[in-house]
Peer 1: 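Handing you a structure now.
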Amino acid sequence: MIYLDYNATSPLDPRVLDAMLPYFREKFGNAASRHHELGCDAAKSVEAARERVARLIGADPREIVWTSGATESDNLAIKGVAAASAAKGRHLVTVATEHRAVLDACEHLESKGFRVSYLKVNSDGTLDLDRLAKAVAEETVLVSIMHANNETGVLHPLREIGALCKERKVLFHTDATQSFGKEPIDVQAMGIDLLSASAHKICGPKGIGVLYVRRRAPRVRCEPLLHGGGHEKGYRSGTLNVPAIVGMGAAAEIAGREMAAEQPRFRSLRDRLERELASRLEGVEVNGHPERRLANTSNLSFRGMDGEELMKAVPEVAVSSSSACTSALLQPSYVLGALGCDAERVRGSVRFSLGRFTTGEEIDRAVDGIAAAVGARRKAARR
Ligand SMILES: *Cc1c(COP(=O)(O)O)cnc(C)c1O
């Protein structure tokens, strides 16, 4: 199996697993029970992990709230800020290509009487900041714009968006799940007030994530989704998942240390994949901006080919197709539709996303398999 679906989830790094194992065995303490050594140890490990996550984004550890993953973080940020600021205004701004966790949370708010503006993107997936500036109104309480898109890898300019939000005195949330640990992020320099991230996209465990919530200049007000015990400064009650938290801390530390070396390696493998496919096949198009995107992501459309069919023809290559279900709901992707791609191009799209354990030899084998399958399909169609 050649795994090229890192944007969906990633394999656990063995170093992360090693860091977690003692917390499943002898170090089983509850981080909120600090009357004995086991609880104290757990609490200390949780705080060490919090520091590691904070360091990766230039935050203060006290601004990091543990959640069950980025879906929860997005919900907490959007619904929590909306609930806390409803007296000030009931309008939010987001983008049509956001992850479902953001879009569905916004749609829920619409059913509660909030107004949401969904900004359109250009045909390369990028956003016009003029459009954002026009959409922000007097009653806007939150702008939620992702850093990197999960399907195309397209990056939005957080620094410029943050500056615009600051100028208009609107809180800025970013879903940075795909860029966390892959791209440099600095919540200060970028003017970010809330940020969502998840461990399982960076070779950490599933079911653990964080929401960064700014404490100063301004102090963000955000209502909790869960009540009961007041853990995490009241933002998120519930006994902490200590092994997963330790795992996310380890994954963040490794990603921070290896990012500078991993980025060019991903880029060179990704470019090799695109170059080789384009040299062997006609009608291969890149979806999304060719430069302004994550180094590990390649969303390609193969003319006259169905993405799902292609995945079936090359079962040894694990990728995603926009035509296949990307969530628990059986719906085709809306992201390429928002870029204005025609139905054929959406149907023919395949997302390749590589990561830490991808090798050049795997890329070459994937190219061989895909080129052969597309070639055979086109030959059959001509007959
Ligand atoms: C994967 C992903 C999510 C959801 O994260 P979970 O931790 O799986 O809930 C949210 N946003 C983006 C951009 C993602 O890629």
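First listed ligand is number 1; within each ligand, the first listed atom is number 1. If you're wondering where the values come from, they're calculated on a predicted model, not measured in any experiment.
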Peer 1: Should we say atom CZ of R15 is surrounded by more than 12 heavy atoms from elsewhere, each under 6.0 Å from it?
Peer 2: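 Count over threshold, so yes.
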Peer 1: For the residue pair S301 and E285, confirm or rule out a side-chain donor-acceptor distance under 3.5 Å.
Peer 2: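 Short answer, no.
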Peer 1: Who pairs with P157 by side chain to side chain contact (heavy atoms under 4.5 Å, CB included), at least two apart in sequence or on another chain?
Peer 2: L129, E160, I161
Peer 1: Taking the side chain as C-beta and beyond, is there a heavy-atom pair between K79 and L225 under 4.5 Å?
Peer 2: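 Result yes, sub-4.5 Å side-chain heavy-atom pair found.
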Peer 1: Dump all N/O pairs between ligand 1 and the protein below 3.5 Å as a table: atom names plus distance, one pair per row.
Peer 2:
from: ligand 1; atom 1: 7 (O); to: A70; atom 2: N; distance (Å): 2.9
from: ligand 1; atom 1: 7 (O); to: S198; atom 2: OG; distance (Å): 2.6
from: ligand 1; atom 1: 8 (O); to: H200; atom 2: NE2; distance (Å): 2.8
from: ligand 1; atom 1: 9 (O); to: T71; atom 2: N; distance (Å): 3.0
from: ligand 1; atom 1: 9 (O); to: T71; atom 2: OG1; distance (Å): 2.6
from: ligand 1; atom 1: 11 (N); to: D175; atom 2: OD1; distance (Å): 3.4
from: ligand 1; atom 1: 11 (N); to: D175; atom 2: OD2; distance (Å): 2.7
from: ligand 1; atom 1: 15 (O); to: Q178; atom 2: NE2; distance (Å): 2.7
from: ligand 1; atom 1: 15 (O); to: K201; atom 2: NZ; distance (Å): 2.8

Peer 1: I'd like to know if the side chain of R50 reaches the main chain of I64, judged simply by a donor and an acceptor atom lying under 3.5 Å from each other, with no hydrogens or angles considered.
Peer 2: yes
Peer 1: Can a side-chain donor-acceptor contact be found between S349 and N287 if the only test is distance below 3.5 angstrom?
Peer 2: no
